[in-house]
Number of protein chains: 2
Amino acid sequence: MTAVKGETRTRLLDTALGLFTVHGVEGTSLQMIADALGVTKAAVYYHFRTKDEITEAVAQPALDELVALLDHAATINRPGPRADYVIDGFVDLVVRNRVLVAVLCSDPGIIRAIDRILHGEESVMTRLPAMLVGPDADEGAQVSSHVALAGIAMAGGSPALAAMDDETLRRHLVDAMRRQLGRPRRRDTPTP
Amino acid sequence: MTAVKGETRTRLLDTALGLFTVHGVEGTSLQMIADALGVTKAAVYYHFRTKDEITEAVAQPALDELVALLDHAATINRPGPRADYVIDGFVDLVVRNRVLVAVLCSDPGIIRAIDRILHGEESVMTRLPAMLVGPDADEGAQVSSHVALAGIAMAGGSPALAAMDDETLRRHLVDAMRRQLGRPRRRDTPTP
DNA sequence: GTCTATACAACGATAGAC
DNA sequence: GTCTATCGTTGTATAGAC
């Protein structure tokens, strides 16, 4: 009659993400998480050794997707189609994880966790721009890629656009990102 | 031989910004600030009543500039020149405060402080996009303005572009922002 | 006015009993 | 798996020395 394996852990992560969204990572204490679950602080510590570990576990799935996106993009040789693929994939990732991205982008706790998850391997923050404009692009293109990536991520998580439905937001973000990177507007919607 | 009025306060804010830059706001304790100044924690408390007050004081000058920029932009009637003015002013503000902006954009402590500073008055985050694309712009233009603003701010503070000198970064950011907003490239550099 | 000394509740974290 | 008890440190607060 005991809980399914991992059930408590999953419930804990759901609770944590909910609290992170409202109070931020820093503003969420282990006590709050424990209270919300009806257990003590020490019980939370049984499932996760540190608060950072909880933060990492919350961000993990989205980051895995991002790494997978980059890995697949690396197999596309022609720069144009590769950029198209990254644009569509990145926007889709951001839109599907809007709530998480909002927390993710505005919290140094999560940002440090991200650095830890991408354990040493060539940073995503280096690979992403390279996939869009090439590794040896001129300064202007590099700045443009950073503006595009940061802008899409932040705008996607912005409370100001929270009311917009996923499909509409996705369309506008793709348009904005293509415009920023100087790629022509698409007519067709790709089949992912 | 006592210190000049406000001298300790200024030194404290400089020290705080330096520590915020390295460890983040959350990661910087009052003890660290006090130690760096060679005083006790309570001495810090004499100059500022709370940690939040320190955070606010660090962000204050840049935010005052931003509000002034918006106030002046509001006096420009024609949308085109007004957008041009905001683009130039915003990029300039970001570039001149690169270090601060890097902390500012990635720390909920500062973000909360910002909300507090802009005490109730119509939010900057609402006024800024309106100055760029008008208050009743279509969805696409609104998304575009958010992408542009967030992108410029984040890219400006990004460690990846920290090596770029101010003049070059400013030029590329203005180009990127104009492209995102669909405004033609400028030949002349404006005299601010 | 400017600081030190001291105290306090809440935090993240650990050890060990049930 | 969950608990109690405890640790050092944090932000905050007050009393009082110079």
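Quick note: numbers below take in every heavy atom, side chains included, and nothing from hydrogens, waters or symmetry partners.
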field: Contact under 4.0 Å: A/T40 side-chain N or O vs D/dC3 OP1/OP2
entry: yes

- request: Indicate, with a heavy-atom threshold strictly under 4.0 Å, whether B/L30 touches base, sugar-phosphate, or nothing.
  value: base

- request: Can you figure out which of C/dC11, D/dC3, D/dT14 approaches the side chain of A/A42 most closely?
  value: D/dC3

- prompt: Any idea which of C/dC11, D/dT10, D/dC3 is nearest the B/Q31 side chain?
  reply: D/dT10

Side-chain N,O (B/H47) to OP1/OP2 (C/dC3) below 4.0 Å: yes

- line: Whole-Å distance, B/R49 CZ to D/dA13 P, equals 9 Å

message: Rounding to an integer number of Å, can you tell me how far B/E53 CD sits from D/dG11 C1'?
response: 14 Å

field: B/S144 and B/V133, any side-chain heavy atoms less than 4.5 Å apart
entry: no

Atom-to-atom span, NZ of B/K51 to P of D/dT10 - whole angstrom: 10 Å

- prompt: A/D35 CG to C/dG12 C1': how many Å, rounded?
  reply: 15 Å

field: Sidechain N-carboxylate O distance under 4.0 Å for A/D71, A/R127
entry: yes

field: Spacing between B/H23 atom NE2 and D/dT9 atom P, to the nearest angstrom
entry: 16 Å

- prompt: Any Lys/Arg nitrogen of B/K41 or B/D35 sitting under 4.0 Å from an Asp/Glu carboxylate oxygen of the other?
  reply: no

message: Name the residue from B/R78, B/R183, B/R185 that meets the salt bridge (charged side-chain N to carboxylate O under 4.0 Å, His left out) definition with B/D84.
response: B/R183

message: By the 4.0 Å heavy-atom rule, please label B/S29 as base, sugar-phosphate, or nothing.
response: sugar-phosphate

query: Between atom OH in B/Y46 and atom P in D/dA15, what is the gap in whole Å?
result: 17 Å

query: Taking 4.0 angstrom as the limit, do B/R96 and B/D166 come out as a salt bridge?
result: no

- line: In whole angstroms, the gap separating P of D/dC3 from CG of A/L37 amounts to 11 Å

query: Any idea which of C/dT4, C/dT14, D/dT2 is nearest the A/Y45 side chain?
result: C/dT14

message: In whole Å, I'd like the distance from the NZ atom of B/K41 to the P atom of C/dC3.
response: 17 Å

